[in-house]
Amino acid sequence: MAQEILTERLVPFRWPADWTDPGLMRLVAGSTINCLLLDGGAEANRPIAAAAQKAGLVVRERTSLAPAPLAKVDWSSPAPIAVTELVWPRIAATRGDATQAGPTGAPWIDSNCWVARLARVRAPGKAIWLEFAPPKDEVAPGESAYQVAIADSAAAGARWIVSLHDDASKGLRTGDSGAQKTWQSILTALAFFEKRRGWASYDPSGVLGVLSTFAGDQEFMGMEVLNLAARRNLQYRILERGAGANQKLAGLKAILYLDGERPSTALKAALAGFCRGGGLLIAPEPLAVDFPGETPLACPVAGYKLQTFGKGKIAIATRDWDDPYFLAADTHSLVGRRNDPVLMYNAQSLWQHYSTAPSGRGSLLQLVGFTGRANTTVSVRFSQVSGFAMMYVPEAQTPTRLEPEKVDGRPEFHLPAFTSYAALEVQA
Amino acid sequence: MNDRRHTQGCLTRRNLLAGAGCAALGGGLSRLVQAAEAPTAPVALARCESYGAELLPALTKMFDQLGGLGRLVRGKTVAIKVNLTGGPTSRLGYTPIGCTTWTHPKVIGATLHLMGRAGAKRIRLLESPWKSAEPVEEHMAAAGWDPAEFTSAAPKVEFENTNFLGYGKKYFRFNVPNGGHLFPAFDLNHSYEECDTFVSIGKMKEHLTAGVTLSMKTCFGITPCTIYGDGAGEDEPGVLPQGGRYPIHTGYRAVSKSAPQEIDPKSPREGGYRVPRCVADLVAARPVHLAIIDGIESQTSGEGINRNTKHVTPRVLVAGTNTVCVDAVGAAVMGFDPTADRGVAPFENCDSTLRLAEQLGVGTRDLKRIEVIGSRIGEVVFDFRKAGGGITPAVPTWDRPGGRGR
């Protein structure tokens with residue numbers, strides 16, 4: 001148990017290969033970083049490992065973590081779970097052959113948050129470490145880019161294995177002042193999130209459940225829908241089809257059943273019960289046989305047959321789901337924005353993470369900004385919050401109390417400018 | 001494909017015959033209506049301080065000044081095109097989008113209420129949200145609006161996204177009288193056909209491509225992107241809209257072959273030439289029976305947000321049954337000469353939609369021929385350029401030849 005707690009508290013840093021001088025341990029000693037990941041053999045690393053241990057740091061061979069891409073992770077392995085082949089979080093220049101902007105005109109954003117959320121579902125309670133590094137052949141990232149890397153992981157309850165660009169590691173090794181400033185901002189951001197590690201135990205809040213195996217034939221569509229739903233700030237909870245009928249459906253208003261394969265008998269019964277109780281099930285055409293609707297309804301979203309089912313509804317797709325972008329958009333419309341717990345303005349490049357305290361008495365809205373520029377005039381409207389909010393940013397020691405402003409007769413919070421990350425703590 | 005030619009009070013067969021004597025032009029534009037022969041209709045103009053309690057009485061009085069809503073809507077199906085262009089969560093500072101670029105929800109709600117009271121049988125709120133097939137009510141909800149405020153304002157209020165087939169089974173063809181400037185005809189969503197009265201509620205604002213928006217430019221969005229969009233099908237309409245309307249803006253690709261093609265593929269490929277012509281063609285093909293301009297609050301420098309953009313409060317409403325006459329008065333209220341053309345504000349970078357629509361016989365832009373009821377223009381004029389620091393909106397890069405959208 002003690003070992004497990006210790007693992008949960010580890011803050012990992014991938015020791016740069018060109019840092020052969022044990023004296024560089026001074027950069028890490030006494031900081032929030034308390035775990036070094038070393039590449040190479042034990043013999044080669046002996047001086048570094050010795051210095052680290054002397055500084056009170058935990059040392060791990062990177063390979064001992066068995067880091068693997070999401071699809072190949074052994075979820076039963078001891079914590080921490082290390083996931084690889086991830087993206088450097090940022091506004092993407094290109095995505096495959098696609099253009100910079102998505103069909104909405106909003107910029108494409110590379111983020112790992114949905115990976116972290118899926119990993120937390122697959123390995124509940126275990127520390128999730130995300131391994132990605134700044135692109136080698138590009139200009140070295142600045143302070144805000146590193147802060148985004150930390151925040152994108154932390155906001156989803158995971159930790160980034162801090163990995164430096166070659167220019168940064170060289171700069172730190174040679175005493176470059178710019179590199180040192182960047183390093184200090186990294187440490188500040190890490191300290192901010194570790195001080196508020198309790199937020200990682202908050203439950204993702206949303207009225208939509210996304211149900212799939214997220215594996216095999218369903219891997220692409222499942223993962224892209226998670227990614228694109230998050231991009232449009234559609235709040236969801238992940239439901240694994242393999243977990244069967246025992247998953248918590250309370251609080252959901254809709255379930256998106258992604259897979260073409262029909263559900264097990266028990267899961268079918270659970271889903272039918274969910275709908276008869278007033279929920280909405282969105283499913284592909286092959287599931288029509290399992291959920292024969294009752295009375296046809298006008299469907300405002302093209303490509304679906306909407307019918308009553310008890311007190312709830314069934315929306316069966318009449319076209320193949322071949323584009324996850326449209327599926328995420330359709331789902332948002334079918335669920336209805338009136339059910340969005342949070343509405344934000346001037347926040348096109350922000351990702352939101354809305355979660356609820358285990359006690360149920362407080363909510364947390366975390367915002368990750370990807371542009372590297374100040375986010376000004378962002379305003380937030382909560383559906384079920386009144387009173388004040390406390391706003392946290394990594395650059396400030398203490399939170400700022402925000403009072404609601406009335407706009408169009410409705411209360412909303414006007415956020416002071418922030419760049420990479422902000423969190424609003426509110427009482428539900 | 002149904003093929004209809006619409007006529008209405010302000011654009012009658014007699015008007016069209018009057019234009020028959022005009023000189024024939026090259027391309028597809030067979031006849032131009034002389035300016036003196038373009039129809040006219042009264043325009044109601046009113047000061048309205050805010051979207052509060054004074055709005056409903058102001059609109060009520062204006063509609064009465066125009067002869068009452070009853071003659072336009074009683075027992076009829078009404079289609080209302082509103083202006084909800086751009087991202088619903090984009091704001092100028094903290095100012096709600098209804099106070100800057102979108103038609104304000106209170107103006108829509110008050111109009112619905114008055115139409116319901118005047119006996120409208122059914123009212124459809126229509127818009128083609130940017131690059132999207134999402135329901136109009138969801139687009140509104142994304143801005144923080146409550147669509148229930150509209151459905152409760154009058155009996156049988158419906159919504160439809162006309163960016164694609166929507167609830168319809170087929171597109172309907174609308175021919176442009178006199179041949180058209182850019183297109184001879186358009187294929188549009190069924191809601192533009194299945195209505196007895198068509199209403200445009202525009203916003204009083206400048207426009208980067210067309211100079212001004214007002215009530216006519218609001219109708220640019222009646223074109224479905226499944227046919228006129230970047231991702232339109234090559235031969236047949238796409239199933240869902242993808243991309244913007246840059247095939248119209250810059251003509252970099254043809255519209256779906258199932259629809260009438262542009263008259264002259266060798267015409268200029270710049271937005272300032274093409275968009276005003278397309279808008280004029282549209283309001284000729286799908287006549288507007290009632291045009292309303294929300295000028296109570298707005299912003300300067302077009303519909304985007306840049307350093308010159310300022311929230312402004314002209315505090316004015318304009319309405320009438322002839323969309324060109326209404327826009328002529330609206331342009332004058334904004335401090336512009338409605339008879340101005342390319343090179344003169346607000347048309348520094350484009351041709352005048354007002355002139356082009358006038359040439360199609362839709363209505364006159366000559367203020368001397370327009371009866372203005374209520375306030376006088378001089379009493380309510382609000383100079384947008386002065387308010388905006390005298391800045392001339394620049395031509396957006398995406399409207400230059402070769403532009404393929406943002």
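In what follows, chains carry the letters A, B, and so on, assigned in the order in which the sequence lines appear, proteins first and then strands, with residues in each chain numbered from 1.
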Study note, to complete from the structure: Smallest heavy-atom separation, B/Ala154 atom then B/Ile123 atom, equals CB-CD1, 4.0 Å
Review point. Applying a criterion of heavy atom separation less than 4.5 Å, what residues of residues 411-418 of chain A form contacts with chain B?
Key: A/Glu412, A/His414, A/Leu415
Check your understanding: Going from NZ on B/Lys205 to CG on B/Asp294, what distance comes out if it is rounded to the nearest 0.5 angstrom?
Key -> 10.0 Å
Point to revise | A/Lys305 and A/Cys299: CA distance, side-chain angles, deciding distance, side-chain contact (heavy atoms from CB on, under 4.5 Å) verdict | key: CA-CA 7 Å; A/Lys305 188 168 76 173; A/Cys299 185; over 6 Å; no
Practice item. Would you mind telling me which of B/Ala143, B/Gly87, B/Ala133 has the largest number of heavy-atom pairs within less than 4.5 Å of chain A? Key: B/Ala143
Check your understanding: Non-hydrogen atoms of chain A under 4.5 Å away: do they reach the side chain of B/Glu160, the backbone, both or neither?
Key -> neither
Exercise for review: Count the heavy-atom pairs under 4.5 Å between each of A/Arg410, A/His332, A/Glu405 and chain B, then report the option with the highest count.
Suggested key: A/Arg410
**Study point:** Contacting region of B/Tyr167 [heavy-atom separation from chain A under 4.5 Å]
**Key:** side chain
Check your understanding: More than 12 heavy atoms of other residues, nucleotides or ligands under 6.0 Å from CG of B/Asp235: is that the case?
Key -> yes
Point to revise | Contacting region of B/Leu240 [heavy-atom separation from chain A under 4.5 Å] | key: side chain
Practice item. Would you mind checking which part of B/Ser90 comes under 4.5 Å of any heavy atom in chain A, side chain (CB onward), backbone (N, CA, C, O), both or neither? Key: both
Check your understanding: Would you find more than 12 non-hydrogen atoms of other residues, nucleotides or ligands less than 6.0 Å from B/Glu49 atom CD?
Key -> yes
Check your understanding: After noting the C-alpha distance and the side-chain angles of B/Leu165 and B/Thr226, does the key distance pass the side-chain contact (heavy atoms from CB on, under 4.5 Å) rule?
Key -> CA-CA 8 Å; B/Leu165 269 179; B/Thr226 46; over 6 Å; no
Review point. Hey, do the aromatic rings of B/Phe220 and B/His249 have their centres closer than 6.0 Å?
Key: yes
Exercise for review: Check whether B/Pro147 gets within reach of chain A through its side chain, its backbone, both or neither, counting any heavy atom under 4.5 Å.
Suggested key: neither
Review point. Could you state the interatomic distance from CD1 (B/Ile222) to NZ (B/Lys81), rounded to the nearest 0.5 Å?
Key: 8.0 Å
Review point. Rounded to the nearest 0.5 Å, how far apart are CG of A/Leu297 and OG1 of A/Thr308?
Key: 5.5 Å
Practice item. Give, for atom OH of A/Tyr304 and atom OG1 of A/Thr331, the distance between the pair rounded to the nearest 0.5 Å. Key: 5.5 Å
Study note, to complete from the structure: Output for pair (A/Lys311 NZ, A/Lys313 NZ), nearest 0.5 Å, gives 14.5 Å
Point to revise | Under 4.5 Å from a heavy atom of chain A, the part of B/Pro129 involved | key: neither
Point to revise | Heavy-atom proximity to chain A below 4.5 Å, by part of B/Val239 | key: side chain
Point to revise | Heavy-atom contact with chain A under 4.5 Å, split by part of B/Phe159 | key: neither
**Study point:** Selection from A/Asn346, A/Asp408, A/Val378 maximising heavy-atom pairs under 4.5 Å formed with chain B
**Key:** A/Asn346
